[in-house]
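Below you'll find the structure I mean.
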2 protein chains.
Amino acid sequence: MDNINIKKMAKELNISTSTISRAFNGSPDINKDTKEKILAFAREHNFLPNHYASNLRDKKSHTLAVIVPEIANDFFSQAINGIEEVARKKGFYILLYRTDDIFEKEVSFVNYLNNGKADGIIMSVSGEASDHNYLKKLSQKNVPVVFFDRVYEDIEAAKVTTNDYDSSFAATEHLIETGCQKIAYLVVNKSISIGKVRMQGYIDALQKHHIPFDDNLVIDCSNDEKVNYNILSKVLTEIKPDGIFSSVERLAFATYYVCNDLGIDIPGTLKVISFSSLGIAPLLCPALSTITQPAYEMGIKAATLLFEELEKKGQVHHKKEHVLKSKLYIRKSSGG
Amino acid sequence: MDNINIKKMAKELNISTSTISRAFNGSPDINKDTKEKILAFAREHNFLPNHYASNLRDKKSHTLAVIVPEIANDFFSQAINGIEEVARKKGFYILLYRTDDIFEKEVSFVNYLNNGKADGIIMSVSGEASDHNYLKKLSQKNVPVVFFDRVYEDIEAAKVTTNDYDSSFAATEHLIETGCQKIAYLVVNKSISIGKVRMQGYIDALQKHHIPFDDNLVIDCSNDEKVNYNILSKVLTEIKPDGIFSSVERLAFATYYVCNDLGIDIPGTLKVISFSSLGIAPLLCPALSTITQPAYEMGIKAATLLFEELEKKGQVHHKKEHVLKSKLYIRKSSGG
DNA sequence: TTGTACGCGTTATCAA
DNA sequence: TTGATAACGCGTACAA
């Protein structure tokens with residue numbers, strides 16, 4: 001009564017289970033009338049094939065795992081949107097997991113996926129430089145991985161990133177050209193590859209303009225808002241930079257808050273530019289200059305690549321790095 | 001070689017499959033040494049029990065489906081965070097689905113979940129007032145549902161909402177007290193219950209202060225940014241309200257953009273207040289007055305309720321409505 | 001404490 | 001076009 005299944009239907013309809021199965025899988029080997037009869041009966045009895053049984057049979061879950069450091073974040077939520085868009089078109093579903101930038105969580109979830117729970121993984125990594133063996137296990141099980149934005153260089157997989165070096169260089173140069181001589185670089189975790197790349201653009205731009213690089217101007221922040229507020233308060237009152245290049249949106253906001261409280265004028269006393277996917281950057285006080293990554297497009301691209309791998313199974317297929325372009329928006333906060 | 005499973009391990013180790021199974025399920029009926037031997041072997045050979053087989057056996061997926069209108073949105077992404085938080089503690093995973101406010105997508109996904117793909121569902125509905133039969137089917141299959149924020153009144157299920165009526169009343173009253181006489185109410189879809197409730201608070205506040213309700217001041221907007229821009233441009237130039245009460249964050253942003261372009265002074269000429277979960281509302285130009293829903297807490301609450309139902313199976317359990325309180329933040333945009 | 005044997009619900013293969 | 005049957009990989013009575 002409660003649990004209808006293919007067998008019970010078979011009995012009721014005096015039809016074999018195979019035929020019923022065929023009715024649900026678009027098989028051509030079935031009489032139109034039989035099929036309709038079956039589907040009608042199914043509708044009436046609220047029956048749908050059980051996914052776990054199907055998955056167990058053909059070892060496909062039609063599910064994609066998406067692993068991100070945070071969800072409540074303009075960049076990642078837009079990227080997830082892009083991924084979802086593609087997945088839906090393919091009839092796939094999204095298993096979402098947040099790591100909070102904690103390496104252990106990443107490892108535990110990836111391990112959990114190591115057994116058929118998802119057909120593939122799209123991830124932006126927590127960034128720990130340690131042992132990435134847990135990821136290598138996946139390829140043993142033919143679970144393809146695509147990285148986006150934050151990647152592990154030592155893992156061979158498709159990667160979707162943006163031209164971070166160029167953007168950082170351009171942003172830093174822009175600050176210099178508007179008159180900044182003492183530009184602080186704000187970063188959350190220097191060791192993450194993305195933090196390093198962005199910093200290199202900053203360093204090289206300084207060099208090009210003969211401004212000596214000062215390690216004290218590299219401000220290593222945390223994920224805790226209050227801690228960041230304190231760090232930045234100290235920096236702005238003691239080191240007194242005249243420009244801020246923030247590698248992470250959140251730190252630009254923190255800078256704004258500190259400036260509001262300390263009465264520091266942006267862009268008069270301090271010019272600010274930041275990596276950010278915030279849609280309403282123009283509405284800030286003052287409008288925030290941004291390097292905006294094509295988050296949605298990155299999601300689309302990552303998902304597309306994953307499906308290519310999923311579908312090209314068997315063929316030798318060289319993993320690639322795909323670099324999309326960020327856009328520089330000069331606004332009031334940097335004197336634009 | 002490739003595919004290790006319980007049987008192969010059994011052969012290799014000269015142990016029965018049941019014992020191996022026991023090693024993975026915290027069964028007390030197993031010798032410590034045997035267990036360790038098994039787990040060691042499993043680690044070495046990168047084995048984990050297959051989820052689909054397990055799920056098929058005990059008809060539990062340890063997965064929660066989360067259905068929301070949009071993901072890239074401050075309210076929903078924070079709510080998802082809350083849900084994820086609870087789910088993780090319970091060892092559950094999140095299947096995420098976005099409806100884009102399109103009723104058909106909601107129906108199709110819910111139907112898809114109707115066969116064991118998820119143990120329970122947490123959703124914020126698209127709001128169509130039509131036939132909600134697809135949801136009733138779920139209870140037949142013992143898949144509990146919890147609504148949050150946007151609910152269907154006619155479905156019996158746990159519901160987590162906020163005190164929207166009171167908040168709307170308070171916000172409107174606040175605008176009146178700062179001198180507004182011609183307050184426009186911005187809404188995306190009047191027919192959604194949440195839009196109606198919020199509007200009622202607005203209407204009643206007007207009435208209390210003897211301001212006649214004017215239907216022309218109820219501005220029905222869309223989900224398309226450009227369309228909204230045009231609608232609001234027209235409203236602000238032709239109807240010229242002196243206050244805006246926006247039931248949706250997005251429309252407040254649109255108002256800001258229009259005001260920027262038309263040179264309308266906020267709060268001088270126009271006062272603005274909006275429902276919004278934007279963390280950086282204080283950083284806007286001018287700082288945006290908001291009614292802020294406890295999005296994260298709502299997620300927590302919704303997930304907690306779902307697990308209660310999941311665990312209390314069998315017991316009669318009255319569905320309840322849980323109302324959390326929003327907070328009113330008066331800032332510059334409304335003359336604060 | 002361990003092993004045997006069956007079934008979870010589906011689908012692919014083969015035969016009719 | 002349809003049906004019988006054997007897997008898919010696991011967990012759980014039940015027996016030992």
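In the text below, chain A, chain B and the rest are named by the order of the sequence lines, each starting its count at 1.
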OP1 or OP2 of D:dG9 under 4.0 Å from side-chain N/O of B:K8: no

Go through the N and O atoms of the side chain of A:R57 and the base of D:dA7, and report whether any donor-acceptor pair is under 3.5 Å. yes

Using a heavy-atom cut-off of 4.0 Å across all strands, would you classify B:N55 as base, sugar-phosphate, or nothing? nothing

Rounded to the Å, how far apart are A:N115 CG and D:dC10 P? 9 Å

Using the ring of each side chain (for Trp, its six-membered ring), is B:F92 parallel, tilted or perpendicular to B:F307, with breaks at 30° and 60°? perpendicular

Send over the distance from A:H62 NE2 to C:dT10 C1', rounded to a whole Å. 13 Å

Across the strands shown, which category fits A:N50 at heavy-atom distances under 4.0 angstrom: base, sugar-phosphate, nothing? sugar-phosphate

B:I20 near the nucleic acid: base, sugar-phosphate alone, or nothing, with a heavy-atom cut-off under 4.0 Å? nothing

Could you tell me whether A:F24 contacts a base, only the sugar-phosphate backbone, or nothing, with contacts defined as non-hydrogen atoms closer than 4.0 Å? nothing

Please state whether the phosphate of C:dT2, meaning OP1 or OP2, lies under 4.0 angstrom from any side-chain nitrogen or oxygen of B:T19. no

Between A:T34 and D:dT1, is there a contact of a side-chain N or O with OP1 or OP2 at under 4.0 Å? no

When we call it a touch if two heavy atoms are under 4.0 Å apart, what does B:I6 touch: a base, just sugar-phosphate, or nothing? sugar-phosphate

For D:dG11, does either OP1 or OP2 sit under 4.0 Å from a side-chain N or O belonging to B:S18? no

Presence of donor-acceptor pair under 3.5 Å, side chain of B:R22 and base of C:dG3: yes

